[in-house]
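Letters go in sequence order (proteins before strands), and every chain restarts at 1. Worth knowing before you read on, the calculation uses all heavy atoms, side chains too, and leaves out hydrogens, waters and symmetry mates.
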Number of protein chains: 2
Amino acid sequence: MIRKRAATIIDVAKQANVSIGTVSNVLNHAANVSEKTKRKVEEAIGILSYSPNDAARSIRTGRTHSIGIVVPDIMNEYYAKTIQALMDAAYKENYTALITCFKNRPQYEEKLLNMLIDRRVEAIGIMGGVEDNELVKEVAQKVPVLLIDRRIEGSGLSAVQFDNCSALMEMVAVLKEAGYRKIGYMSETLAMTNIADRYQGFLQAMKGNGLAVDESCVWLSKDLQLEKNQNGYKLMKKILNERKRSELPEVLLTSSDLIAVGVMDAVKEAGFRIPHDIGIVGFDNITLSNHTFPTLTTVEQDMETIGKTSWDVIRQLMKRRTKIVHEITLEQGLVFRDSCKLPERIKNR
Amino acid sequence: MIRKRAATIIDVAKQANVSIGTVSNVLNHAANVSEKTKRKVEEAIGILSYSPNDAARSIRTGRTHSIGIVVPDIMNEYYAKTIQALMDAAYKENYTALITCFKNRPQYEEKLLNMLIDRRVEAIGIMGGVEDNELVKEVAQKVPVLLIDRRIEGSGLSAVQFDNCSALMEMVAVLKEAGYRKIGYMSETLAMTNIADRYQGFLQAMKGNGLAVDESCVWLSKDLQLEKNQNGYKLMKKILNERKRSELPEVLLTSSDLIAVGVMDAVKEAGFRIPHDIGIVGFDNITLSNHTFPTLTTVEQDMETIGKTSWDVIRQLMKRRTKIVHEITLEQGLVFRDSCKLPERIKNR
DNA sequence: CTGAAAGCGCTTACAG
DNA sequence: CTGAAAGCGCTTACAG
């Protein structure tokens, strides 16, 4: 079987014995077309199983009805759910989202962004680590950019973010109330604002609550950006090998549920009990966190909401050629489960 | 700030004082262009920060360098990882994958497929439930289609699949060896071949091992297609409410880890112990399955491999205008963990 | 209500 | 090595 060349608007016009302008009018539900010719055209379209070529259309109209999304990867449920919500919202308004993943490899980022620009996406949403802020600003000269779950200080770029700092401050306050004093912290490096904000919240809260930060219990590692689960496990295993029990924190805050789960595996493997010997706190509230043993105390980020909100803002950004800056901050929520020793009165909040 | 109109090849030609044909030649690393004019052109490109318009290019060349992927959703890790592997492979050869999710809503499927055709993707990979086989066949008239993790009998369409039937036969044999007799089965309905094959494998193996299928312990529910976790929990809860313990299976096979995890929650909530009172088996081997309590016995599907293989086949399909049929079958693997009572000799296999 | 024609931003033979 | 011109498949004023 040989696939036929796709029919064009010219073929349809010939088949229906009308001009291509008329076919175009039918296609676009435009200008009064008589019922009769409309039927003729539609019949011809059916016979030839014609479908309009979007590229040709977009070259004329100057619009592509597509947006670009840049994320580290889609394998992390946090990204997957956010993107899904954003895509769904866009799709309902006949926009297609081009998803691109750069796996935290800087050399990919530029290539991906250029690809999106070549495709003339009408806006770009950037989630996570495009590390080269200058690059992002250049891109924003050409096409509206929305930063999702991050920001670039002083760039005048729109952003939808969570209030990471507050969430961590609350969490630390609760841990203190629960009797914890020696609070450890494990995170990817602080390149992204969302991650940095959490750490700031941690530091502020420790200070505010009169607790000392034990620097030997703070681990910031670049490895934790990807394969968080695996790398969290490895890092914790190494820590447990090197230290005596008294040198461990009483509770360990982490910047991701996946990291937390890896850490828990290492801890359990070393024969410690959670939360009896050490408490663990995650971040994201992915499905996994409610099914680990013990279940994981964490910070909930509402992916549905950030995804939808991002689309709303992107739509605003596309509307006008003049630039306006949107800054939206969403609240997170604390989820108390069994991986920390918490009094009932706290759990029931 | 007002965003400028994007520069075109004409602008570049003017800026560099050459013809647009020459600019095009530089862009496409084509025909001998003298070093000097090349530099002139590149400089002009820099000054205007010109980027070529893919739509215009594709309308001339007839190629879009993009493929379409259709999946139920990207929130299930099984789909997410497969797509990621496929996207990565495609990306390395300068192809972009347009990901579309139809959420098992039939009315979406046609719209999505048309959208992909309008965008003139050079091939389409379909994973999971596009239910209308006729629709798929029509699409395949226009553009090469690869079925991923499913097939359409007698359609002459290429497919990359797992050997689901064999995997289930092996699993049943192992369960029998472990002493299980009353084996239950919980799955989404059998609309898709991958799901149907598993059930066939189950039936065959039961027969082959001289075990009776207790039909009261077979649940096939449409609800389990989406939100598998939630809906698995609900279904199991209902079952536990309605039955005495003696009416439950000794071990329950499920068609997805997410379903299995929901089931385990319901079982534990009802006060039963796993695997002491009832064994549970999942399917997919997503990250979650190694962290539940108890950890989940399951069937591993190598997402990396099916994703990459799918790209390899898609590339083949795009190469020629004559149709050739590819049928590739991949092996799965059994993963023995703590959610079933299994003798050590089996676990160590 | 319908058609003829210009033009969107490119690539591709073809001259020179 | 470089340029002029045709043409890809559409939409959009503009006549009639």
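With sequence neighbours excluded, the residues satisfying side chain to side chain donor-acceptor pair (under 3.5 Å) with Thr64(A) are Ser66(A). Scored by the side chain to side chain donor-acceptor pair (under 3.5 Å) test, Arg119(B) finds Thr96(A) as partners (sequence neighbours excluded). Partners of Arg63(B) by side chain to side chain donor-acceptor pair (under 3.5 Å), not counting sequence neighbours, listed by chain and number: Tyr95(B), Glu122(B). Every residue two or more places apart in sequence or in another chain was checked for a side chain to side chain donor-acceptor pair (under 3.5 Å) with Ser58(B), and none qualifies. Remark: Tyr91(B) pairs with Tyr108(A) by the ring pair (Phe, Tyr, Trp, His ring centres under 6.0 Å) rule, at least two apart or across chains. Shown here are the side-chain contact (heavy atoms from CB on, under 4.5 Å) partners of Thr305(A), two or more places apart in sequence or in another chain: Asp302(A), Thr309(A), Leu330(A). With sequence neighbours left out, Lys137(B) forms a salt bridge (charged side-chain N to carboxylate O under 4.0 Å, His left out) with Glu134(B).
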Could you write nucleotides 8-16 of chain C as a row of B, S and -, 5' to 3', where a protein heavy atom under 4.0 Å of any base atom gives B, of only sugar-phosphate atoms gives S, and otherwise -? BBBBB----
Using Watson-Crick and G-U wobble pairs with both distances under 3.5 Å, what is the 5'-to-3' dot-bracket string of DNA chain D, with [ ] for crossing pairs and | for pairs outside the strand? |||.||||||||.|||
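Note on Ser58(A): nothing from the nucleic acid sits closer than 4.0 angstrom, heavy atoms only.
The distance from atom NZ of Lys40(A) to atom C1' of dG3(C) is 12 Å, rounded to the nearest whole Å.
One side chain, Asp88(B) or Gln84(B), offers a donor N or O that lies under 3.5 Å from an acceptor on the other.
Considering only side-chain N and O atoms, Thr37(B) lies under 4.0 angstrom from the phosphate OP1 or OP2 of dT2(D).
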